[in-house]
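Letters A, B, ... mirror the listed sequences (proteins, then strands); counts begin at 1. These figures come from a predicted structure and were not determined experimentally.
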Amino acid sequence: VFGFTVMVLGLVHSGHLEQAWRWFLDMPERDVVLWTGILQGFMDAGQPEKAKGVFDRMPQQDVVCCSAILQVLARNDRIDEAKSLFDRCPQLNVVSWTVMLGGYAHSGRIHEAELVFRKMPQHDSVSCVAIMNGYVEHGRPDLATSMFFYSNPERDIGHYITVLTALAEMNKLKDARALLERMPEHSPVACTVVLSSYAQAGHMDEAWKLYAALPVKNVVASTAMVHGYAQAGHIKTCEELFFDVMTERDSMAWNSILGAYSQNGAAAKAEAVFAKMPQRDSCSWNLVIQVHAEAGDMDQAGSFFAGMPGRCVVSWNTMMAGYVRCGKMDDALSLFQRMSHCSLISWNTMLEGFAQGRKVAEARALFQSMPVQD
RNA sequence: CUGGGAGAAAGUGCU
């Protein structure tokens, strides 16, 4: 049973969930580790309902699988459900607490995250980083830095990395750089954090120094460099980096070169890369839609949009924004009305369209029916 | 004795 379990979980991790599921059903015995692995597989595949179904059918449950299902709920906007399950869990450990903490922090419920943090029986570096990161992501990077500088936990690399992102968020790039150099050990992730901040701020000279100093040009740092050069309009450098320097390219890396072409209006090159890339995710499709929409070629944009599997909110928004730019408010509006879920950006796009066209009454009506306004 | 499952941290898209 043990050997089979290892194999089935191997299938899960390599993305062969269907096959793993068939093996799972055929197994004579299934232990709690296997059940949990399958549960996690559904979670990773973005099927929280199925994960919950697996959990509910488990013959025995332990602290590990409870934490796993808590995570499923907490990261799918069901944090309150997670809380009620948490309260009924027979056993809790630092992981269970951290799942709840991370769930609240992630959804911006910082106060509740703090309550959990205070109430939990022990802290470790993961839980500290989780709360600090909640601060950074929700507009209080200063609190993250205070935690780092005024308490004295045993600082590990994770603490440094989080506080570097906090400093970057506050545009204190010099401080970040100085802290990076004072770290007890070198960390490529920490270097990459600072490098990305420089790249995002358009300081490609500083970014390049850090990049050059990296012993291994990891794919994340390289992608950040491509993105930075793209923003600066240095397409040639992007191409050299991507095609000549980089050895490993994941889908985000491919998207970064696609984005470089898209941002610079190189529709033909963007299409060529799009055709050539090993896999396309929704981000890739959106970029190729965007390059045509931005150029005002809504027919081309529309044909990619029509052929796109699993269109997401961003895809719809991209199309709408394209129509708005051409002054085709009727088309934009009909898309908007066909959207099943839309975001604040969708509303703002339409609003801007009406404003541009001096459609004051329509703009006002739309504004008043917005569920949220910023 | 070792080996299989859960928690945090870096890069890409729409206003």
Side-chain angles (χ1 to χ4, degrees), chain A residues 2-3 5-10 12 31-41 43 62-72 74 93-103 105-106 124-134 136 157-165 168 187-197 199-200 218-228 230 250-260 262-263 281-290 293 312-322 324 343-353:
Chain A
F2 176 82
T5 301
V6 173
M7 289 179 70
V8 172
L9 294 180
V12 169
D31 68 7
V32 66
V33 173
L34 178 58
W35 278 94
T36 311
I38 290 285
L39 187 163
Q40 183 69 17
M43 158 85 167
D62 66 2
V63 65
V64 174
C65 74
C66 287
S67 305
I69 197 65
L70 286 175
Q71 172 78 342
V72 169
N93 64 11
V94 66
V95 176
S96 342
W97 284 92
T98 308
V99 169
M100 294 307 296
L101 165 55
H106 184 76
D124 62 9
S125 74
V126 173
S127 54
C128 291
V129 168
I131 188 91
M132 288 167 74
N133 205 48
V136 175
I157 294 212
H159 293 103
Y160 277 94
I161 291 168
T162 302
V163 80
L164 287 172
T165 63
S187 151
V189 173
C191 285
T192 305
V193 170
V194 180
L195 177 157
S196 311
S197 318
Q200 188 145 30
N218 70 71
V219 64
V220 174
S222 305
T223 303
M225 293 298 290
V226 170
H227 184 240
D250 63 10
S251 67
M252 282 182 155
W254 279 98
N255 289 341
S256 74
I257 187 73
L258 193 53
S262 170
Q263 273 188 355
D281 59 14
S282 66
C283 186
S284 329
W285 284 90
N286 294 338
L287 281 162
V288 78
I289 293 170
Q290 165 70 6
C312 63
V313 177
V314 176
S315 329
W316 290 82
N317 291 347
T318 306
M319 288 296 294
M320 277 166 38
V324 164
S343 64
L344 181 59
I345 291 184
S346 327
W347 289 92
N348 287 344
T349 303
M350 291 305 297
L351 203 52
E352 187 154 317

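- For the OP1/OP2 pair of rG11(B) and a distance below 4.0 Å, the side-chain nitrogens and oxygens of Q200(A) include no atom meeting the criterion.
- Comparing rG11(B), rG4(B), rU15(B) by their nearest atom to the side chain of E352(A) picks out rU15(B).
- As judged by a 4.0 angstrom heavy-atom cut-off over every strand, V99(A) is placed among residues touching the sugar-phosphate backbone only.
- Among the protein residues, A293(A) comes within range of no part of the nucleic acid, since none of its heavy atoms lies under 4.0 Å from any strand.
- Base engagement by V94(A) is indicated by at least one non-hydrogen atom pair under 4.0 Å involving a base atom.
- Put simply, the side chain of N286(A) gets close to the backbone of S282(A): a donor and an acceptor are under 3.5 Å apart.
- Remark: the backbone N or O of C65(A) is paired with a side-chain donor or acceptor of D62(A) at under 3.5 angstrom.
- Counting any heavy atom pair closer than 4.0 Å across all strands shown, S282(A) reaches a base atom.
- When heavy atoms are screened at a 4.0 angstrom cut-off, T36(A) is found touching base atoms of the nucleic acid.
- In the set rG4(B), rA10(B), rU12(B), rU12(B) carries the atom at the smallest distance from any side-chain atom of L287(A).
- Among the atoms of the strands shown, none is found under 4.0 Å from any heavy atom of D281(A).
- Ranking rG5(B), rA6(B), rG13(B) by closeness to the N286(A) side chain, first place goes to rG13(B).
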